[in-house]
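Structure record follows, encoded as structure tokens.
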Amino acid sequence: MLVPLTFRPHHTIIERFDPRARWIFSFLMMTAIVYYWDIRFLLFFFFISFTQYFLAHLTWKETRRGWTFIIILISMMVLINTIITSAGTIGAVTQGGHDVFIWNATVPWVGWNIHFGLTAERLWFGFTQIVRLLAITSMFLVLPFTMDPRLYGSTFSGMGLPARLAYSFDLAFRFIPTLARDFNVTMDAQKARGYEMDKVKGGLFSQVKKVAPLIIPVTMNAILSGEDIADAMDLRCFDTGKRTWIIKLTYRWYDYALMIFSGCVLISTLIINHGLNLGNFWMPDWFLGLFHNIK
Amino acid sequence: MAKKESKKSLWKFGTREVVFAAIGAALYGVFAWATNVLQIPAAANVSIRPGVVIPMFFGVAFGPIVGFITGFLGNLLSDWFSGYGFWPWWDLGNGLMGLFPGLVANQMTTFRAAKDIILAEVMALVGIVVGMGVAAISEMWVSGMNFITAIAANFIPAFISNAINGLILLPIIMVAYSAIVKRSGR
């Protein structure tokens, strides 16, 4: 088993930006997006997100798994939250509205009445929800594919995280290949003893218990070697002085521009939302016209 | 005085904690990635993730900060390897799943005593409720879900899966660790 590192240099304009500037950009954009339920504003973020995605030159093969996950997740959210259940987060969508489909039925023998009503508002809300979630997910989907894992430590340290914490993040990425190899060796050794992980047989409890012969040796081995690593680091006076990083990150003018842009977008969002009271749920009139016999 | 010292060491983040937080995160990332194939029958998009025991155990053994980083960073790594992108509110939820069991790290004696195991199991359960609750409720803010849907579609499947995995595997791993501690004398 090999753990696939998702990063591969694409030499695109996106990768030229400082990772710190990109994290700040992504977080500020996400914070701004969650203030909106008005599709006119959300389309602006959708455009930015997908511009970033296309500028990253990612292939379908690279991101297929991520997109499948995102599409399943969004479909379930919209289907359960908006189409099937009648309640929603936004009061304007759930109260009243224009019915486009009504279904009434009675359960035989018990006589229970089932009422299902779908409104135009809820349909539009579902559409808005898709745009909003796609804007957020595509914003972050790009990150693992376009950020060099060797820069994580200096990135988080440069963003103000304490050096020990940043080093811990950096170290975790470095342990992955070793632990993946240990995992592989242990699995082979257990398989030689008749262990079958891939055979999904038996109940939930037996499936969980089946993983113990794999998890325990790998974890205990890792803990034992961890003690030695900690001792070695202490002997080398780890963190007794100010920590430096092999690769030094430097902001360039376009990094500042990106961060200023993100900051301006968030400030504008706060003004639009709290000051002007805009950005709440909105549905165009033409959408209502699409349905005949609206009540 | 003794109480004050014990409280201080619970939140200590020295060299040992730096290393074990990194090891825990890497382990959780690898295990969660490797067991993505084990799906819960009849439940949509929820996998059996035995690796959830790693943040709980690292919390119990090395303290709340190590537990939190193990869960937070491990979930982030697993999502990245799977190509799922970045889901900060679920990373936070996984971090909390490791933090809460870590709150009793100072009360562990042998790691195999009934008292130790019960305490760890109770705190792991609290961690799952709080962690998955925070992650599921965050979906109301991010995805516009209503409370009932967030609970039914996100919290309950995640809680059941994590509780079963955590409660079965945590005592096993604690007993194994007690043998290591006894043997190595650390």
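Lettering of chains follows the sequences in order, A, B, ..., and the numbering in each one begins at 1.
With chain B as the partner, the residue from Ala172(A), Pro162(A), Ala222(A) showing the most heavy-atom pairs under 4.5 Å is Ala172(A). When each of Met30(A), Met233(A), Met220(A) is scored by its heavy-atom pairs under 4.5 Å with chain B, the top score falls to Met220(A). Options Ile74(A), Leu165(A), Thr68(A), Thr128(A) differ in how many heavy-atom pairs under 4.5 Å they form with chain B, and the most are formed by Leu165(A).
The distance from atom CG of Leu76(B) to atom CZ of Phe173(A), rounded to the nearest 0.5 Å, is 6.0 Å. Interatomic distance, CD1 of Ile173(B) versus CD1 of Ile215(A), reported as 6.0 Å (0.5 Å rounding).
Residues Phe238(A) and Val18(B) meet the side-chain proximity criterion, which asks for heavy atoms closer than 4.5 Å. Thr219(A) is not listed as a side-chain neighbour of Tyr177(B), based on a closest heavy-atom distance of 4.5 Å or more. Taking the side chain as every heavy atom from C-beta outward, Phe62(B) and Ile223(A) approach each other to under 4.5 Å.
Within 6.0 Å of CZ in Phe27(A) there are more than 12 heavy atoms belonging to other residues, nucleotides or ligands. Sparse packing is recorded around CZ of Arg112(B), with 12 or fewer heavy atoms of other residues, nucleotides or ligands lying under 6.0 Å away.
Only the side chain of Tyr152(A) has a heavy atom closer than 4.5 Å to any heavy atom of chain B. Heavy atoms closer than 4.5 Å to chain A are found in the side chain of Phe20(B), but not in its backbone. Leu169(B) touches chain A through its side chain: at least one heavy atom from C-beta onward sits under 4.5 Å away, while N, CA, C and O do not. With a threshold of 4.5 angstrom between heavy atoms, Ile23(B) approaches chain A through its backbone and through its side chain. For Ile69(B), the part sitting under 4.5 Å from any heavy atom of chain A is the side chain, from C-beta outward, and nothing else.
Nearest heavy atoms, Ile216(A) versus Ala176(B): CG2-CB, 3.6 Å. Contact record, Leu179(A) with Ala26(B): CD1-CB, 3.3 Å, taken as the closest heavy-atom pair. Across all their heavy atoms, Ala22(B) and Leu171(A) have their closest contact at CB-CB, 3.5 Å.
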Please determine whether side-chain contact (heavy atoms from CB on, under 4.5 Å) holds for the pair Val218(A) and Phe31(B), giving the CA-CA distance in whole Å, both sets of side-chain angles, and the decisive distance to 0.1 Å.
CA-CA 10 Å; Val218(A) 180; Phe31(B) 286 143; 3.9 Å; yes

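When atom types are taken as modelled, the side chain of Arg164(A) and the backbone of Phe13(B) share a donor-acceptor pair closer than 3.5 angstrom.
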